[in-house]
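What follows is a single structure, written as structure tokens, with notes after it.
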Amino acid sequence: MNLGISGQALGEMMDFEAIVDIGLKYGIRHYELWPCNVPGAGFGYRDREIEKVCEIIRRKDVVIDCVTMEAAFCEAAVESPEYYAELLMGAVDAAVAVGANLVNHYCYYINLDEKPDFERMESFWGRPLAYAKEKQVTLVLENEAHDATRRPELTAAIMEHFQDEAFRTNLDAVNYFHASEEGFPAAYEILKPYIGYVHLKNACLYREGAGQPRENEGAPMSGIYAGRPIQYAPIPDGSVNIAGLVHALKEDGSYLGTCTLEPHTTPECAEVFYEREIKWLRELNLFT
């Protein structure tokens, strides 16, 4: 497996080439692309200059494994399935352009309720899924703490409904923790047949008066800890067994792709996370 970096954490502060240079400083050659990393304006990718990103990856000899489309977090983007489908298909086109075979997407405003509405999901994802298959791209649905993917059993039900090798999940164990669920081993074991991509980060519970850095405080938990903020932390310092997860992925051979670091902190602190996390993961011989 490879270790990668998401373009999100630093995307509002620096251009994609600068992000790549930070990754290369730590020996990272794999990246996840976000719209904010692509020059231009407009929602999504279709009105942006993707060819400039292509030039960077050629010149720097790096790889983009995944293109992310975060539109489901915008209510305006999900006002109609047709409009949302165009945005997601635009992400597929961007993936093809940069040589990625994955498009990461979300459920959120498409289905905030805990119970999956499969008919509604099909109306938003059916056409993009057919388009992705035509382009040999896989859609990976990332679990989040406040929508219909909040529990691994729910995500598995969505995977089983679509029953398509081109429709997988992006396993984020800490997002399950955010929902008061067991990110590892439970979520991993439940979703093992459906994993198409992996995000790595860590967190713990916020504790009043504990002196935890305010810049790493996140949104309220859901589930039994609902209302209590999540407190993000570098991977070695959080409560989710990320080392166990990566070891299981390697031992089982169930996933051979890139595990992408996704620190949830301010852009100014992101490189502090990268330095600590990359060093720790390599010291454990989980990545080279």
Side-chain angles (χ1 to χ4, degrees), residues 1-38 56-57 60 62-66 68 70 104 142 144-145 170-178 183-184 197-221 228-247 249 258-288:
M1 294 189 301
N2 301 304
L3 192 59
I5 282 179
S6 169
Q8 179 193 25
L10 294 168
E12 301 297 340
M13 191 171 88
M14 60 183 65
D15 62 26
F16 185 63
E17 184 164 0
I19 294 170
V20 167
D21 286 340
I22 286 176
L24 290 173
K25 184 166 69 172
Y26 298 103
I28 301 295
R29 309 197 73 84
H30 293 258
Y31 298 85
E32 176 183 311
L33 191 72
W34 282 64
C36 61
N37 304 138
V38 186
I56 292 168
I57 62 177
K60 297 287 186 176
V62 295
V63 176
I64 295 178
D65 301 281
C66 182
T68 287
E70 81 279 39
N104 184 40
E142 182 171 351
E144 291 290 333
N170 171 12
L171 178 67
D172 191 313
V174 171
N175 287 355
Y176 284 120
F177 170 78
H178 199 177
F184 180 83
Y197 189 45
V198 176
H199 271 175
L200 300 181
K201 58 177 179 278
N202 217 335
C204 56
L205 291 171
Y206 172 77
R207 291 175 289 121
E208 189 70 39
Q212 294 162 309
R214 298 293 294 182
E215 62 269 21
N216 300 341
E217 184 180 322
M221 308 274 285
R228 187 171 178 176
I230 191 172
Q231 180 72 25
Y232 292 105
I235 289 173
D237 307 324
S239 61
V240 181
N241 185 5
I242 298 299
L245 169 63
V246 176
H247 179 75
L249 287 165
T258 295
C259 294
T260 296
L261 296 173
E262 191 197 30
H264 278 20
T265 185
T266 59
E268 295 77 12
C269 296
E271 192 174 350
V272 174
F273 274 57
Y274 289 143
E275 184 173 11
R276 179 156 170 73
E277 292 174 340
I278 293 166
K279 180 182 178 183
W280 186 77
L281 290 164
R282 286 177 173 157
E283 285 176 346
L284 293 177
N285 294 316
L286 294 172
F287 296 94
T288 56

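- Contact annotation: the side chain of Leu281 approaches that of Leu3 to within less than 4.5 Å [non-hydrogen atoms, C-beta and beyond].
- Contact of the Phe16 side chain with the Ile64 side chain is registered, since non-hydrogen atoms from C-beta on lie closer than 4.5 Å.
- Atom CZ in Arg228 sits 10.0 Å away from atom OH in Tyr206 (nearest 0.5 Å).
- Side-chain atoms of Leu249 and Cys259, non-hydrogen and from C-beta on, do get closer than 4.5 Å to each other.
- Screening residues 259-268 for salt bridge (charged side-chain N to carboxylate O under 4.0 Å, His left out), with sequence neighbours left out, gives Lys201-Glu262.
- With sequence neighbours excluded, the residues forming a side chain to side chain contact (heavy atoms under 4.5 Å, CB included) with Pro267 are Leu10, Met13, listed by chain and number.
- Applying the salt bridge (charged side-chain N to carboxylate O under 4.0 Å, His left out) criterion to Arg282, with sequence neighbours excluded, gives no partner residue.
- Looking at heavy atoms from C-beta onward, Tyr176 lies out of side-chain contact with Val240 at the 4.5 angstrom threshold.
- Contact between Pro234 and Asn202 at its shortest, heavy atoms only, is O-CB, 4.0 Å.
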Side chain to side chain contact (heavy atoms under 4.5 Å, CB included) between His247 and Leu286, intermediate numbers included: CA-CA 7 Å; His247 179 75; Leu286 294 172; 4.2 Å; yes
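- Side-chain contact between Val20 and Tyr31 is present, with at least one heavy-atom pair separated by less than 4.5 Å.
- Nearest heavy-atom pair across Tyr26 and Ile278 is CB-CD1, 3.6 Å.
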Pair Val63-Arg29, side chain to side chain contact (heavy atoms under 4.5 Å, CB included): steps then yes or no: CA-CA 6 Å; Val63 176; Arg29 309 197 73 84; 5.7 Å; no
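- The OG atom of Ser6 sits 8.0 Å away from atom CD1 of Ile19, with the distance rounded to the nearest 0.5 Å.
- In this structure, the separation between OH on Tyr232 and OG1 on Thr265 is 11.0 Å, given to the nearest 0.5 Å.
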Derivation and outcome, side chain to side chain contact (heavy atoms under 4.5 Å, CB included), residues Ile5 and Glu32: CA-CA 6 Å; Ile5 282 179; Glu32 176 183 311; over 6 Å; no
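- From Asn175, atom CG reaches atom CD of Glu144 across 4.5 Å, with rounding to the nearest 0.5 Å.
- Residues forming a side chain to side chain contact (heavy atoms under 4.5 Å, CB included) with Val272 (at least two apart in sequence, or on another chain): none.
- Annotation: side chain to side chain contact (heavy atoms under 4.5 Å, CB included) contacts of Ala219 (sequence neighbours excluded): His178.
- When the shell of 6.0 Å around CD of Glu283 is examined, it contains more than 12 heavy atoms from other residues, nucleotides or ligands.
- At distances below 3.5 Å, at least one donor-acceptor pair connects side-chain atoms of Gln212 with backbone N or O atoms of Arg207.
- Closest non-hydrogen pair, Ala243 versus Leu284, comes out as CB-CD1, 4.0 Å.
- With Gln231 contributing its side chain and Arg214 its backbone, the two residues share no donor-acceptor pair below 3.5 Å.
- Between Asn241 atom CG and Ile235 atom CD1 the span is 11.5 Å, to the nearest 0.5 Å.
- Of all the heavy atoms in Asn37 and Gly11, the pair that sits closest is ND2-CA, 3.7 Å.
- Scanning for side chain to side chain contact (heavy atoms under 4.5 Å, CB included) contacts around Ala9 gives Pro263, Ala270, Tyr274, with sequence neighbours left out.
- Between His264 and Asn216 the shortest side-chain heavy-atom distance does not fall below 4.5 Å.
- Side-chain contact between His199 and Glu142 is present, with at least one heavy-atom pair separated by less than 4.5 Å.
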Chi angles and distances behind the side chain to side chain contact (heavy atoms under 4.5 Å, CB included) call for Val198, Thr260: CA-CA 6 Å; Val198 176; Thr260 296; over 6 Å; no
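- Residues Glu271 and Phe273 fail the side-chain proximity criterion, which asks for heavy atoms closer than 4.5 Å.
- Glu17 contributes atom CD, which lies 12.0 Å from atom CD1 of Ile22 (distance to the nearest 0.5 angstrom).
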